[in-house]
Amino acid sequence: MTSASEYTLRPLMSEKHRTTPDNPADAYEFRGIAAADEEKIVTLFPECFFVEITGAHWRWKYLDNPVGGPSGSIAVRRSDGELAAHYAAYPTRFRLDGELVVANQISDIMTAPAHRKVGFGRSNLFVQTALHFYDHYCRGKVAFNYGFHTGTSRKISQRYIDVRPVAPVAFRVRADGSPPEPSGEPYRIEIVTEVDDRFDRLMRRVARRYGLMVERNAEWLRWRYFDTPERKPTLFAVWRQQRLVGWSAFGVEDGRLIWGDALFRPVHRMAAADVLAAALEHFGEVERVECWFPRHPGWWDEVVRGLGFVEERQKDDLWLTTAPHLWADSVERLTGAYYTLGDSDLF
C-alpha cells in the first residue's frame, strides 16, 4: 500500500485544471487521520455541521471502535497546516448466513467552508480527499462501504466516487403516543446497563432469520450503546422465563420517542408490543414514535406495521448508499438487508 506521504492525486479533468492555482495537489497534503489530529477535527465540526462534538466522542468513534481504526483521510493546507477536509469511517462487522465480513460505515464527511471551492469536478478538494480514503482504507480491504447520504453529497459521490444509491432510508412513524395492545404473554421487560454472552447467543440464534445485518453481539452493543460518551440510549431486554428473547434501544428527542434498534427471536416477535409499551411508560408522554425499519425481513415488517407504523419520507431525504469493494454486488445485497437508526451515527 502506498503511504500517505507518497500519495499522488488522480489525473485531473483537463490541462486547465492541472495548472490552476486551485489545484489541490499544489497546496494540500492528503494523509490518514491520526490521534494527534483530534483537536483540529473536533474544531471543524461546528463549522460544517453546526453542532459540536467532544474529543471523547471522536476517540470513542474512531480510536476505540472494537473492529479497528482509525480509518479516515484528511486534507491539510501545506502553508499553515489548516485542516480543510475530512472523510472518515468506522469499520463494522456484517453477518450473512454465518459469514462475517467487515464494511466501512461512512461518517463525518466534511469540507471547511473556506475550502469548498478548491478544485473543480474530479479535482475538487472533497473528491480528492475521498479518493485518498478509498485507496488507503477500502479497495481490497473491506467488503463494501455504506452510509446515509443527503442529496448534495449523494450526487457528488455518485458522480466522482462510485457511491451507488440503494434506497431512501426506511423511515416509519407511529403518530400515537399511547401504548399498543399487550401481547398477553408472560414476558419480563427490564432496562439493562450491561450485556453478556446471552446477547451473543441471541445474535447467533436469530441471524439467519434476519439476513444481512450488522453483527449485533455483546461487544458491539457495549461499544455502541454503553461506551458512547454522549446521548446514551436506553436498552430494554425481553425475557421469557430465564431466556433472553429480544432487546430494543430507545431514546427521546424533542418530544418524540425514537425506537433506534431492535433484535428479536421470530417466535417471540409479539413481545415487540410489550417492549414498546414499556418504553412509552418509561419515557412518559410523547407526541409520536419514529424508527428506521426496512421491509426486510418480512416477518419483522409485519410486526412493525401491526404496531401502527407507516412509511414516510425522511425530512433530510437520506438514502442508504454503498460503494462495492470485495463484494461487487453490495447494492443487491443491501437492498435486502436489515438495518436500523442505530446503524447510523444519528442515534
Side-chain angles (χ1 to χ4, degrees), residues 1-53 55 57-59 61-63 69-90 104 106-141 145 147 149-163 321 323 325 345:
M1 181 179 74
T2 306
S3 68
S5 61
E6 297 170 330
Y7 180 76
T8 302
L9 287 177
R10 306 290 183 82
L12 303 182
M13 296 182 68
S14 69
E15 189 62 32
K16 173 184 176 182
H17 295 134
R18 293 179 196 276
T19 58
T20 176
D22 288 337
N23 182 349
D26 298 334
Y28 297 85
E29 173 192 3
F30 296 83
R31 61 172 175 81
I33 60 174
D37 298 313
E38 174 189 319
E39 183 176 354
K40 289 183 178 180
I41 295 171
V42 169
T43 301
L44 184 58
F45 261 79
E47 288 188 47
C48 299
F49 300 128
F50 307 105
V51 295
E52 295 185 358
I53 68 165
H57 178 93
W58 185 83
R59 292 190 296 274
K61 184 183 288 186
Y62 293 108
L63 301 184
S71 300
S73 296
I74 57 175
V76 179
R77 188 161 60 188
R78 297 182 189 277
S79 62
D80 58 7
E82 180 174 288
L83 177 63
H86 176 273
Y87 198 105
Y90 49 90
N104 279 329
I106 301 299
S107 178
D108 304 328
I109 55 179
M110 54 187 174
T111 307
H115 300 267
R116 288 175 183 169
K117 294 183 179 181
V118 175
F120 178 80
R122 193 177 180 83
S123 74
N124 176 264
L125 186 68
F126 168 80
V127 174
Q128 291 294 320
T129 307
L131 292 174
H132 180 278
F133 172 78
Y134 274 51
D135 281 348
H136 287 74
Y137 300 101
C138 305
R139 295 186 176 93
K141 298 179 176 63
N145 293 354
H149 276 80
T150 59
T152 301
S153 66
R154 185 171 70 247
K155 291 176 183 177
I156 295 174
S157 299
Q158 284 180 234
R159 184 168 184 180
Y160 299 111
I161 316 173
D162 195 30
V163 169
T321 64
H325 296 302
D345 58 357

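Applying the side chain to side chain donor-acceptor pair (under 3.5 Å) test to His115 and every residue at least two apart in sequence or in another chain returns Tyr28, Glu82. Not a single salt bridge (Lys or Arg N to Asp or Glu O under 4.0 Å) links Glu39 to another residue, sequence neighbours left out.
Between Thr129 and Met110 there is no side-chain heavy-atom pair separated by less than 4.5 Å. Contact annotation: the side chain of Ser157 never approaches that of Thr321 to less than 4.5 Å [non-hydrogen atoms, C-beta and beyond]. Arg116 is listed as a side-chain neighbour of Cys48, based on a closest heavy-atom distance under 4.5 Å. Inter-residue side-chain proximity for Val127 and Arg159 is flagged as unmet; no heavy-atom pair is nearer than 4.5 Å.
Here the NE2-CD1 distance, from His149 to Ile109, works out to 4.0 Å after rounding to the nearest 0.5 Å. Going from atom CG of Leu131 over to atom CD1 of Ile161 covers 6.0 Å, rounded to the nearest 0.5 Å. Distance check: Phe30 CZ to Ser73 OG gives 9.5 Å after rounding to the nearest 0.5 Å. For the atom pair NE2 (His325) and OH (Tyr134), the distance works out to 5.0 Å, reported to the nearest 0.5 Å. From Ile33, atom CD1 reaches atom CG of Leu63 across 7.5 Å, with rounding to the nearest 0.5 Å. The structure places CG of Leu44 at 8.0 Å from NE2 of His86, a figure rounded to the nearest 0.5 Å.
Checking side-chain atoms of Ser123 against main-chain N and O of Phe120 turns up a donor-acceptor pair under 3.5 Å. The closest donor-acceptor contact from the side chain of Asn145 to the backbone of Cys138 lies at 3.5 Å or more, if one exists at all. The main-chain N or O of Arg122 is found under 3.5 Å from a side-chain atom of Gln128 such that the two form a donor-acceptor pair.
Counting all heavy atoms, side chain and backbone alike, Lys40 lies closest to Gly81 at NZ-O, 2.6 Å. When all heavy atoms of Lys61 and Ser107 are compared, the closest pair comes out as NZ-OG, 3.2 Å.
Ring-plane geometry between Tyr62 and Trp58 is classed as tilted, the angle between the planes lying from 30 to 60 degrees on a 0 to 90 degree scale. Using bins of under 30°, 30° to 60° and over 60° for the plane-to-plane angle, the ring pair Phe133/Tyr87 lands in the tilted bin.
Taking the charged nitrogens against the carboxylate oxygens, Arg31 and Asp37 do have a contact shorter than 4.0 Å, which makes a salt bridge.
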- Query: What's the verdict on side-chain contact (heavy atoms from CB on, under 4.5 Å) for Asp345 and Asp108, showing C-alpha distance, side-chain angles and the deciding distance?
  - Reply: CA-CA 9 Å; Asp345 58 357; Asp108 304 328; 3.7 Å; yes

